[in-house]
Number of protein chains: 4
Amino acid sequence: MSDTSEKEQPRRRQARGERRIAQLLKAASQVFCTTGYTAASTNAIAREAGVSPGTLYQFFPNKEAIAIELGDRLMHEMREAYGEALAPVAPGTPLEEAIGSAVDRFMAFNTDHPVFFALMHGPDIPGRMAEAHDQLHTTVVGRIEALLTSLMPGTAQADITRTAHVCLGIYKAGLELVLAREGAERAAYVQETKDVLIRYLEPLVGASLGRA
Amino acid sequence: MSDTSEKEQPRRRQARGERRIAQLLKAASQVFCTTGYTAASTNAIAREAGVSPGTLYQFFPNKEAIAIELGDRLMHEMREAYGEALAPVAPGTPLEEAIGSAVDRFMAFNTDHPVFFALMHGPDIPGRMAEAHDQLHTTVVGRIEALLTSLMPGTAQADITRTAHVCLGIYKAGLELVLAREGAERAAYVQETKDVLIRYLEPLVGASLGRA
Amino acid sequence: MSDTSEKEQPRRRQARGERRIAQLLKAASQVFCTTGYTAASTNAIAREAGVSPGTLYQFFPNKEAIAIELGDRLMHEMREAYGEALAPVAPGTPLEEAIGSAVDRFMAFNTDHPVFFALMHGPDIPGRMAEAHDQLHTTVVGRIEALLTSLMPGTAQADITRTAHVCLGIYKAGLELVLAREGAERAAYVQETKDVLIRYLEPLVGASLGRA
Amino acid sequence: MSDTSEKEQPRRRQARGERRIAQLLKAASQVFCTTGYTAASTNAIAREAGVSPGTLYQFFPNKEAIAIELGDRLMHEMREAYGEALAPVAPGTPLEEAIGSAVDRFMAFNTDHPVFFALMHGPDIPGRMAEAHDQLHTTVVGRIEALLTSLMPGTAQADITRTAHVCLGIYKAGLELVLAREGAERAAYVQETKDVLIRYLEPLVGASLGRA
DNA sequence: GATGAATGAGGATTCATTCAT
DNA sequence: TATGAATGAATCCTCATTCAT
């Protein structure tokens, strides 16, 4: 009735809502990882979250909205946790170091959040869901472009873009291999992924340096 | 009474069946490409083929059987058309040439048969379908291993295997990029794919040569 | 072209047709026994007979026609094989003997032709198939009535009919128990069936004799 | 905040569910009676209940679960309504009375719940549904054995069991005849059923008494 | 907000039956 | 006749989504 009630009531509700949303997204992560986006059912997500289907729809208008929100949060979290992973490196940083740390950080993040892969991946992502996918994709590519621009100054934008796409492709391929392994084999594949990227970029970086 | 009447009658019928099967597989290819395996419906495949659902089930016991048969045919076709694409190269063949021609051939095949990619791809492949997927995968990896063994004699088998997996990953990543483009951009991505592979393998090949 | 060709051609065809029909009915028997009438599929029958579905429909207009024809043939066969099993007995025949031999003969027949039971039985017999069932039923009841009339002269027709229905019910119940057993147990159940019938009929027969 | 809000809200919902279940089981009863279990379709049951197919599956995972639950409820109801119908009779009870009342009670129950018969009956019961059927059957046979043991003390177990099976067979046969009639005819068949059972058991009971 | 019942279109699959060959 | 391909309605069942409470 007073200010408090008008501010704290909603806040409490929002807090509860946030908890619910987090709970649902966590459940969705697990289900998406297990069955893939297409085969995941909203009922299964609700069940996994321990709530009723109706509750799920109180927070998300439909299935893809869950995936989109999940993607957004992942991007946020990534930005916060490893914000500078892909930021332009200081001039003079050796390529190996730049790539190595970027891959390490990304791999760590993706290993901790396997949904990321499930969402990034897959041509069977149907309908409007593709938007979320594309958006995520575009963001990541943009960040890679920024990194590459600092590594290969003077390179044409089109080439930067293409190289960025290739790098992301290599990374995703490596990630898939990594996620399917454990222990020493996993570490070996992480190293391979770095090697592929380094060897791929080395001549490009060299050329741009020579040009500069 | 003559050979014709006793042999061609059934043959004609069989021919009709074969045509239907081909037609259904073609339809399935398109649907799988468009929607992915999981989301593809047998009714949609039948509709695309212009037949009733019952007809589809006259030739295939279930959805996965279609995918399996499709995979088998693709493998056959690949073997026949580009049989030696991945066969061990003559000693002394420059790496660039070996990789270049292998990638060209594969890309050509995959561009002509985009389902291949749809079937190769995707961790959300459910049920017993995964078998088919794995089998296809194993076959391809095996062929790459053979190629690598001839390129990098004396390398430990475990390393060969890992390298083969990485190469396949790179190729698939490249393919995905290529398939999403047209014309000059597509050609550029083909070249990038080759470059990635060549630069990745060059040191390995060199090392094994030095050792030999 | 001569008489021979006009008579023997059809005859040969009829002969072939008869063989086909017999073959199909045999297959149907097995399928009906295994899965029951409702769950039996015409395709399964055709497969069991080693012919195509089309062939089956060349001889039978639909599924129930198969059952009807099967029932008819069974009745014929029964009549031929054990024609007098239920015919009125000679006056003075002890009830035990009359019942005993009738049950023995029927049981033998039904044991040899388990379809009979499958067709007689069951409230899930749907649609027009019920006709066949009813017809068969009516025939059997009629024969039992004849037997009872000779055993219980002077009894009202309504009572005879009711008693006949009860006897058939007892017999079918006994048969079900018998068919589910083997060896000594089976023999014991045959005896029980006879006992039930004899004890049920004895007072009725006695009463009618006293009356006469 | 009060008990009412926290307990009755869910209760009301549960109540709705219970009503639906009852409604669905009632509809299932009718459909099973009309078409038999095998030919009964879940859609038909849902339609009969006036709900959508999805609703049915909210409460039952599949068709057989409906039949099983139906059987369970019938058994419960039977136990509650006529709990002692088959319980051992007081020593000295005339056989006619024991049988008469047991048959009356059972017939009354089965007449009120014709599904019981539909579920008891039928060798074409497929799949895991057979379990339910067998369980029901076993329960009933057990109760008859108990009754017979009290009527025929000193009889070998194997004989008791066989006699129980025969009695159940007779009863089911009688029931089938009874259910197909109305009014006076029905009553007459009830009496016949009793007579058959009494005459069948009389000598056995007498023998065991003589022995005792 | 939360619940869970309700919906109904859609998916895989089967099957009696027909038809071209 | 025989074949087997073709049909399409009907089955069982699922799922995204809505709604009354």
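Numbered from 1 within each chain, the chains take letters A, B, ... in sequence-line order. Predicted model, so just to flag it, every value in this text is computed and none were measured. All heavy atoms count here, side chains included; hydrogens, waters and symmetry mates do not.
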message = On a heavy-atom basis, which atom in D/T34 and which in D/Q30 lie closest, and how many Å separate them?
response = OG1-O, 2.6 Å
query = Knowing that exactly one of D/E77, D/E69, D/H76 qualifies, which makes a side-chain hydrogen bond (donor to acceptor under 3.5 Å, both in side chains) with D/R73?
reply = D/E69
inquiry  = Assess the residue pair C/L24 and C/I66 against the criterion (side-chain contact (heavy atoms from CB on, under 4.5 Å)); give the C-alpha distance rounded to whole Å, side-chain angles, the decisive distance to 0.1 Å, and a yes or no.
reply    = CA-CA 8 Å; C/L24 284 163; C/I66 302 171; over 6 Å; no
inquiry  = Rounding to an integer number of Å, can you tell me how far B/N62 CG sits from E/dG11 C1'?
reply    = 13 Å
inquiry  = Between C1' on F/dT18 and CZ on A/F60, what's the gap in Å once rounded to a whole number?
reply    = 18 Å
ask   = What distance separates A/H113 NE2 from A/C33 SG, expressed to the nearest 0.5 Å?
value = 11.0 Å
query = What's the CD1-P distance between D/I45 and F/dC13, to the nearest Å?
reply = 10 Å
Can you pull every protein N or O that's under 3.5 Å from an N or O on nucleotides 8-11 of chain F?
none

note = Separation of E/dT7 atom P from D/L24 atom CG, nearest Å, is 10 Å
inquiry  = Rounded to whole Å, how long is the line connecting atom CD of B/E18 with atom P of F/dT3?
reply    = 20 Å
inquiry  = For a side-chain contact (heavy atoms from CB on, under 4.5 Å) check, start with the C-alpha distance between C/D72 and C/M75, then their side-chain angles and the critical distance, and finish with the verdict.
reply    = CA-CA 5 Å; C/D72 283 357; C/M75 286 305 287; 5.6 Å; no
Residue whose closest nucleotide on DNA chain F lies nearer the 5' end, D/Y57 versus C/Q58 = C/Q58
ask   = Using Watson-Crick and G-U wobble pairs with both distances under 3.5 Å, what is the 5'-to-3' dot-bracket string of DNA chain E, with [ ] for crossing pairs and | for pairs outside the strand?
value = .||||||||||||||||||||
query = Nearest heavy-atom pair of C/Y57 and C/N62: which atoms, and what distance?
reply = CE2-CA, 3.9 Å
request  = Show your reasoning for whether side-chain contact (heavy atoms from CB on, under 4.5 Å) applies to C/L25 and C/F60.
outcome  = CA-CA 10 Å; C/L25 290 175; C/F60 299 100; 3.8 Å; yes
task = Under the side chain to side chain donor-acceptor pair (under 3.5 Å) rule, collect the residues that match up with A/S29, sequence neighbours excluded.
result = none
ask   = Between D/R16 and F/dT21, does any side-chain N or O lie under 4.0 Å from OP1 or OP2?
value = no
key: Length of the line joining D/F59:CZ and E/dG4:C1', which is rounded to integer Å   = 8 Å
key: Donor-acceptor contact present, side-chain C/K63 to main-chain C/T38, <3.5 Å   = yes
note = 5'-most contact on DNA chain E (nearest-nucleotide basis), D/Q23 vs B/P61, goes to D/Q23
ask   = Hey, is the side chain of A/R20 poking within less than 4.0 Å of OP1 or OP2 on E/dG1, counting only N and O atoms?
value = no
query = What integer distance in Å separates D/L56:CG from F/dC15:C1'?
reply = 16 Å
